There are 2 protein chains.
Amino acid sequence: MAIPLSSETSHTVRKTLEFVQHHRLARGDRLPSERELSERFGVARSSVREALAVLDAMRITERRPKSGIYLRNAVEDGGLDALVLQADLGLTFDPQITRDVTEARIICEEQALRLACQRRTDADLSKLHQTLQAYAATIQAGGDMAEADVDFHLALVAASQNRILVRTLTPLMLMSRRWRQRYFESEAIRRRSLDDHHAFVAAVEARDEAAAAALVRCHVETAAADVRALAEQGGTTSTNST
Amino acid sequence: MAIPLSSETSHTVRKTLEFVQHHRLARGDRLPSERELSERFGVARSSVREALAVLDAMRITERRPKSGIYLRNAVEDGGLDALVLQADLGLTFDPQITRDVTEARIICEEQALRLACQRRTDADLSKLHQTLQAYAATIQAGGDMAEADVDFHLALVAASQNRILVRTLTPLMLMSRRWRQRYFESEAIRRRSLDDHHAFVAAVEARDEAAAAALVRCHVETAAADVRALAEQGGTTSTNST
DNA sequence: CTACCAATCTGGTCTGACCAGATCAAGCAG
DNA sequence: CTGCTTGATCTGGTCAGACCAGATTGGTAG
């Protein structure tokens, strides 16, 4: 599960976003001209333009002919992928958005799990057990828990046999990924999380909709609360450029 | 409510997609080289490259260095916006996807309406009445019903005060927009639809969650069934390139 | 102080060039 | 005839430089 960013052009895209981040630009602010950016990044103007075309399509920037390049606001100006990208780069940390994401996640994931209980196949089940093992292995190996977590939850949703739900939830998962990096540093949380995941699989296996739905609400809400607690305790490290 | 496509570069993006459509290219097929596309479209190669950067970011195409440009499959390869774009251009008409979209819409919209009943403000309410009037006016004027319908439903969801839900539902609405063009040709359906919308607003105004939830299921499912009936009766006009 | 004009800056577009792999066909050696 | 090598050709990736048409800006002439 990686942030979808074209590998070409991606370098300049990242550089541009880092520029925005570093200079703490906000909605409506103007970026340097294409020529200056190309000079600054050490690439040709055409390369900058390709990156800007992507950022434009994502509604992160807006190019006004004869005027300049301006920052949009990913939340209001559309482009879910843009939001994900910004979240992943730590560009946005609006508490309201995190609440909204959690709420939307619970809504979609609960219903997805209900469908999964109805429709899951044996193949889904073995895939789930496999992902669960990978999750446990990641804990053992000290790997990227947030990534493994996203993989597991998406595998769970995939059992609903609804590809649109998977795709709807993917950005929501990815968006919260970064917020949960620190969350998984706690040994206790990692263990509890593993137990929860086992319970998820058991519920889907037993086709127990009520249990699955209750689990989702509890699991996601608890996690969100913990993240909030961490954020308050540790202070908000990220700034909000929106 | 328009398909989000950068106005620059958009011409070439559309041309490229039309090429794919016209030549009935499928997943994995190779497009002509950048040089040939630029010749074919009558634009410079740099312009083609900007368009391809966007299509790449949307996961519609894949550029393999030293090899060529290949078509991806928007459903499997990610990029919800890509799906919307393809749906809007009539590039995909997978019955399974339409079912998935309808299902996801009901899930998200029902819960969004429940939240809207809880949280709607007076401002939301007047916005809703206003959108409703615009909807009625569109019927009178014989305007684009599908567009007005998207606007109304998004206004409804916006009353949930959850911006992520709005953004999650936007592509789902847009995706079905094209499928509903013919749907709204029927006078009876237009009238029934208007009645439904009035009922939606009334439920949200009265904060009647149960009524709102029931309405969503009925409204969306009936509409989906009607669209399916139309598709079967009139035959599938679109082809599926996935 | 005002009005006007020219230099300058912007994004939008095009041309043409070079690079480095990949591909493939021709030709040579066996 | 077979098999390997080799070179022409094609690919996307990148760059430099040019022109255009508006918008902005600054200074100058009235």
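Everything numeric in this text was worked out from a predicted model, so none of it was measured. Throughout, protein chains are lettered first and strands after them, A, B, ... in sequence-line order, and every chain is numbered starting at 1.
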Spacing of A/Glu50 atom CD relative to C/dG11 atom C1', expressed in whole Å: 16 Å
In whole Å, I'd like the distance from the NZ atom of A/Lys66 to the C1' atom of C/dT8. 15 Å
Rounded to the nearest Å, what distance is computed from the NE2 atom of residue A/His11 to the C1' atom of nucleotide D/dT14? 14 Å
Between B/Leu52 and B/Glu34, is the side-chain contact (heavy atoms from CB on, under 4.5 Å) condition met? List the steps. CA-CA 9 Å; B/Leu52 289 176; B/Glu34 296 179 349; 3.7 Å; yes
Is any side-chain heavy atom of B/His129 less than 4.5 Å from a side-chain heavy atom of B/Asp124? no
Hey, which of these two, B/Glu36 or B/Ser46, hits DNA chain D nearer its 5' end, going by closest nucleotide? B/Glu36
Going by atom types only, do B/Asp151 and B/Thr131 share a side-chain donor-acceptor pair under 3.5 Å? no
Side-chain N,O (B/Arg49) to OP1/OP2 (D/dG12) below 4.0 Å: no
D/dG13, OP1 or OP2 - any side-chain N/O from B/Arg63 closer than 4.0 Å? yes
Measure the distance from OH on B/Tyr70 to P on C/dA22 and round it to the nearest whole Å. 12 Å
Nearest-nucleotide pick for B/Pro65, side chain only, options being C/dC14, C/dG11, D/dG12: D/dG12
Taking the six-membered ring of A/Tyr70, is the NZ or CZ of A/Arg64 close enough (under 6.0 Å from the centre) and on axis enough (within 45°)? yes
Where do A/Arg30 and A/Leu25 land on the side-chain contact (heavy atoms from CB on, under 4.5 Å) test, with the steps shown first? CA-CA 8 Å; A/Arg30 197 183 148 213; A/Leu25 299 186; over 6 Å; no
Residues from residues 28-35 of chain B sitting under 4.0 Å of DNA chain D, heavy atoms only? B/Arg30, B/Ser33, B/Glu34, B/Arg35
Can you tell me how far C1' of D/dG12 sits from CG of B/Leu37, to the nearest Å? 12 Å
For the pair made of CZ in B/Arg64 and C1' in C/dA20, what is the distance, rounded to whole Å? 18 Å
B/Ser47 side-chain N/O to C/dC14 phosphate OP1/OP2 under 4.0 Å: yes
Give A/Leu52 one of three labels, base, sugar-phosphate or nothing, depending on what nucleic acid heavy atoms sit under 4.0 Å from its own. nothing
Return yes if a side-chain donor-acceptor contact under 3.5 Å exists between B/Asp29 and B/His23, otherwise no. no
A/Ser10 side, atom OG; A/Lys15 side, atom NZ - distance, nearest 0.5 Å: 12.0 Å
Is there a side-chain contact between B/Arg45 and the phosphate of C/dT15, meaning an N or O under 4.0 Å from OP1 or OP2? no
